[in-house]
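Numbers restart at 1 for each chain; the letters A, B, ... are given by sequence-line order, proteins then strands.
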Number of protein chains: 2
Amino acid sequence: MAADSYHQTSKIQIAVDCIIFGFDGAALKVLLIKRGFEPEFGKWSLMGGFLMKNETAEDAANRVLHFLTGLKDVYMEQLHTFSALNRDCAARVISIAYFALIDINEYSEQMQRDHEAKWFPIDDVPGLIFDHNLMIAKARDLLRMKVASHPLGFELLPEKFTIPQLRILYESIYATTLDKRNFQKKILSLGILHRLDEKEKESSKKGAFLYVFDHVKYNRLQSGELKFI
Amino acid sequence: MAADSYHQTSKIQIAVDCIIFGFDGAALKVLLIKRGFEPEFGKWSLMGGFLMKNETAEDAANRVLHFLTGLKDVYMEQLHTFSALNRDCAARVISIAYFALIDINEYSEQMQRDHEAKWFPIDDVPGLIFDHNLMIAKARDLLRMKVASHPLGFELLPEKFTIPQLRILYESIYATTLDKRNFQKKILSLGILHRLDEKEKESSKKGAFLYVFDHVKYNRLQSGELKFI
DNA sequence: ACAAAAGTGTTTGGGATACACCCATGG
DNA sequence: CCATGGGTGTATCCCAAACACTTTTGT
């Protein structure tokens, strides 16, 4: 930090972009919008926005996410800051990217229409503007890494969920298949799920027990890291 | 990203800061400098600098690191971007932090004097300016995480090193002790070290075999992730 | 009655852990 | 000859992986 340099950075703009993940019961998806202004009008893109003077990057990411989805208190985490010189063709913009996990059911059809937004399966994302495809790839890697040892999967599911739903979620994230007996054994052995006396009967005649994530029990494990998969 | 917003971000400056790790054979250390200008003149601080118009954040971090250490081609990775409103008391500055791993022997005493720099044990870092202590804490966490599954430890050692040196390095990073038999077994079983016909005889009468990290063998393991500890 | 998904238990193998003695050499 | 750190092998345990049948109930 050179002594005279407190006025050096000019004309570099700062943006945030949000990689928003959802899970529809079968596949992991990302939420994209059709860009409504130049440059790159009409192309698919992540939702983003410029950082304002009096907000932190976290604030800005939450603002952008709230604007697009109407949701607050969403699980969100900083991913990476992208600063390639020509990443935005219109100006020098560096972007602080965040990834968010939401319950897809809480994102209304109405909101989708309002913002020309659409869910795309993670393996079937179209060509996006700038470096947004790279951002999504990086976000998927981070999601895979974190979800193996932290209780994030639940953020993508409704509050009440079944073990098979959770298993299919992990199968989608890792593009693999998991033995349902071993999965159930391991997940329940963590001792952080609470079984309700209700069943979910949409997807089978027998019905599957609903569970909730037990934050209290999880927080009692001071280890911080578990092995979900 | 609102349509009219390409001129919104003004007066927000962008800096980079480097958390530079070294290992002296006994403890993990970080390199700090005595700040030579206001604000916070004379306080200990991470090495940093402002982002210039025509460089990426990675370029800037490398520039700063090279300026302080004279080193190039150092292992460096983006850590996190810090954007709290009052993190820098003189202006609105967001900082993109990087962590770097260097062989402490390649950093000369001369360079230390020139920059009023000093190595501090990671568990004995003084109070630093701004949010730099937070940055170091976060960097240590990331180092712990990555070093468990990626071949980064070697970056902190000379090209030729002994297994006991490597073990003590891991012990320092994790603040734990490791069984030397089990450690040697596991590390060698990874098949990525090449034993030389040389011994290091500084630290024992018998002498310990020197090894080098075998990049070729490592790259042949397409898994990308290993289990070092 | 049958189709479709839920739920459950046992066996096996491999990696992690625990643990103690001999080796080489400089002083 | 002895003190110091380097190097090695084995027994045990636990967790992960593989694997198939019964239950429930809507149609």
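- Contacts of B:Ser203 with the nucleic acid, taken as non-hydrogen atoms under 4.0 Å apart, involve only primed sugar atoms and P, OP1 or OP2.
- Under the 6.0 Å cut-off for aromatic ring centres, B:His150 and B:Phe228 do not qualify, their centroids lying 6.0 Å or more apart.
- Checking the phosphate oxygens (OP1, OP2) of C:dA6, no side-chain nitrogen or oxygen of A:Gln184 falls inside 4.0 Å.
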Passes ring pair (Phe, Tyr, Trp, His ring centres under 6.0 Å), A:Tyr211 versus A:Phe161? Steps please. CA-CA 5 Å; A:Tyr211 288 78; A:Phe161 55 87; 7.0 Å; no
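- Residue-to-nucleotide contacts include no donor-acceptor pair under 3.5 Å from the side chain of B:Lys199 to the base of D:dG6.
- The closest donor-acceptor contact from the side chain of A:Ser83 to the backbone of B:Ala57 lies under 3.5 Å.
- Residue A:Lys180 places a side-chain atom within donor-acceptor reach of the base of C:dA6, judged by atom type and a 3.5 Å distance cut-off alone.
- Ion pairing of A:Lys160 with A:Glu200 is absent here, as no side-chain N (NZ or NE/NH1/NH2) approaches a carboxylate O to less than 4.0 Å.
- Each of A:Lys206 and A:Asp179 was assigned the nucleotide of DNA chain C with the nearest heavy atom; the assignment lying further toward the 5' end belongs to A:Lys206.
- Checking the phosphate oxygens (OP1, OP2) of D:dG6, no side-chain nitrogen or oxygen of B:Lys205 falls inside 4.0 Å.
- Counting non-hydrogen atoms under 4.0 angstrom, B:Lys185 reaches a base of the nucleic acid.
- Proximity note for A:Arg167 (side chain, C-beta onward) versus C:dA6, D:dT8, C:dT8: the nearest is C:dA6.
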